[in-house]
Amino acid sequence: MAPAVLRTVEEVKAWAAGLAREGRRLALVPTMGYLHEGHLSLIREGRRRADVVAVSIFVNPTQFGPREDLSRYPRDFEGDLTKCGEAGADVVFAPTPEVMYPPGYQTYVEVTEVSQGLCGERRPGHFRGVATIVTQLLALFRPAVALFGEKDYQQLQVIKAFNRDLHLGVDIVGMPTVREPDGLAMSSRNAYLSSEERQRALALSRGMRAALTLLQGGTRDAVALTGAVRHELAAAGLREDYVALVDAERLTPLDVITPGRAARLLVAAFSGNTRLIDNMALGG
């Protein structure tokens with residue numbers, strides 16, 4: 001059955017109030033649409049954790065820079081609606097930018113620490129846009145749980161930070177990255193890749209696996225571990241944006257992996273003109 005479609009703030013408020021009166025537990029899956037198996041895994045997990053699942057589909061303009069791909073970001077609303085229904089979503093919220101940012105809008109949410117460096121440095125203002133729109137969605141829906149993919153790992157830490165600091169009380173769940181059979185992390189932006197660029201993009205996951213192999217062999221030095229990733233990126237002709245080994249929660253750089261301390265290897269690189277990100281847990 002196709003999910004109901006909500007378009008306005010008033011419709012969401014009325015729908016969510018009905019759930020609250022009935023005492024039904026709600027899971028929210030915020031997305032920008034053009035859904036793939038990674039998104040659908042979040043919907044299915046939401047169905048497992050709650051009585052009702054809502055999905056938002058909104059290409060958020062405030063998280064795109066002036067030279068980024070807002071106008072050409074892939075969209076397929078009818079296809080997304082079908083996928084949402086098949087995965088178990090009850091409702092899809094699909095507002096226009098004017099609904100979320102009406103005339104006179106002036107309030108933004110900014111996380112000052114985990115948003116720094118990495119994608120925060122390369123995409124100024126990006127995480128302010130993410131934090132603002134997700135805060136709006138959490139305030140509108142008042143879900144018990146909200147689910148996000150770990151592929152956007154820094155984004156996940158930003159969301160966890162403002163949820164904690166603003167006492168929103170939502171259970172923020174990060175779900176494992178879903179990959180193609182050859183290891184490429186699923187992403188809506190993979191649609192931009194030519195067949196050659198897609199093949200070269202496999203260097204991201206291949207490089208991280210090389211770093212993991214080094215760690216399993218006893219190498220804990222960040223220079224050596226990140227160097228294994230850089231070697232694969234260079235060999236494939238990818239342009240590195242960053243390769244970093246960081247503390248898994250605070251995202252501060254690490255010089256060495258310490259037993260018992262969770263670390264994360266984060267990678268961003270360009271295959272052709274398409275910027276791709278990926279990450280892997282190391283240590284902990």
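Everything numeric in this text was worked out from a predicted model, so none of it was measured.
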Which pair of non-hydrogen atoms, one from Gly169 and one from Asn163, has the smallest distance, and what is that distance? N-OD1, 3.7 Å
Minimum-distance pair of heavy atoms, taken over all atoms of Leu265 and Ala211: CD2-CB, 3.7 Å
Sub-3.5 Å donor-acceptor pair from the side chain of [X] to the main-chain atoms of [Y], do we have one?
{"X": "His126", "Y": "Gly120", "result": "no"}
{"X": "Tyr105", "Y": "Thr107", "result": "yes"}
{"X": "Thr219", "Y": "Leu215", "result": "no"}
{"X": "Gln154", "Y": "Gln116", "result": "yes"}
{"X": "Asn60", "Y": "Gly129", "result": "yes"}
{"X": "Asp221", "Y": "Ala224", "result": "yes"}

If you round to the nearest 0.5 Å, how far is [atom2] of [Y] from [atom1] of [X]?
{"X": "Thr112", "Y": "Phe162", "atom1": "OG1", "atom2": "CZ", "result": "13.5 Å"}
{"X": "Cys84", "Y": "Leu35", "atom1": "SG", "atom2": "CG", "result": "5.0 Å"}
{"X": "Cys119", "Y": "Tyr153", "atom1": "SG", "atom2": "OH", "result": "13.5 Å"}

So does [X] pair up with [Y], basic N to acidic O under 4.0 Å?
{"X": "Asp182", "Y": "Arg198", "answer": "yes"}
{"X": "Arg128", "Y": "Glu110", "answer": "no"}
{"X": "Asp80", "Y": "Arg75", "answer": "no"}
{"X": "Asp51", "Y": "Arg25", "answer": "no"}
{"X": "Arg264", "Y": "Glu150", "answer": "yes"}
{"X": "Glu86", "Y": "Lys83", "answer": "no"}
{"X": "Lys151", "Y": "Asp278", "answer": "no"}
{"X": "Glu11", "Y": "Arg7", "answer": "no"}

Taking atom [atom1] as the centre, does [X] end up with more than 12 heavy-atom neighbours from other residues, nucleotides or ligands that are less than 6.0 angstrom away?
{"X": "His36", "atom1": "NE2", "value": "yes"}
{"X": "Arg49", "atom1": "CZ", "value": "yes"}
{"X": "Arg122", "atom1": "CZ", "value": "yes"}

Thr8 and Phe93: side-chain contact (heavy atoms from CB on, under 4.5 Å), yes or no, with the steps? CA-CA 8 Å; Thr8 69; Phe93 178 43; 5.9 Å; no
Which residues satisfy the salt bridge (Lys or Arg N to Asp or Glu O under 4.0 Å) test with Asp69, sequence neighbours excluded?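 Asp69 satisfies salt bridge (Lys or Arg N to Asp or Glu O under 4.0 Å) with Arg189 only.
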Geometric class of the Trp15/Phe141 ring pair [parallel <30°, tilted 30-60°, perpendicular >60°]: perpendicular
Report yes or no: do Thr213 and Arg209 form a side-chain donor-acceptor pair below 3.5 Å?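 There is no such pair (donor and acceptor under 3.5 Å, judged by atom type) between the side chains of Thr213 and Arg209.
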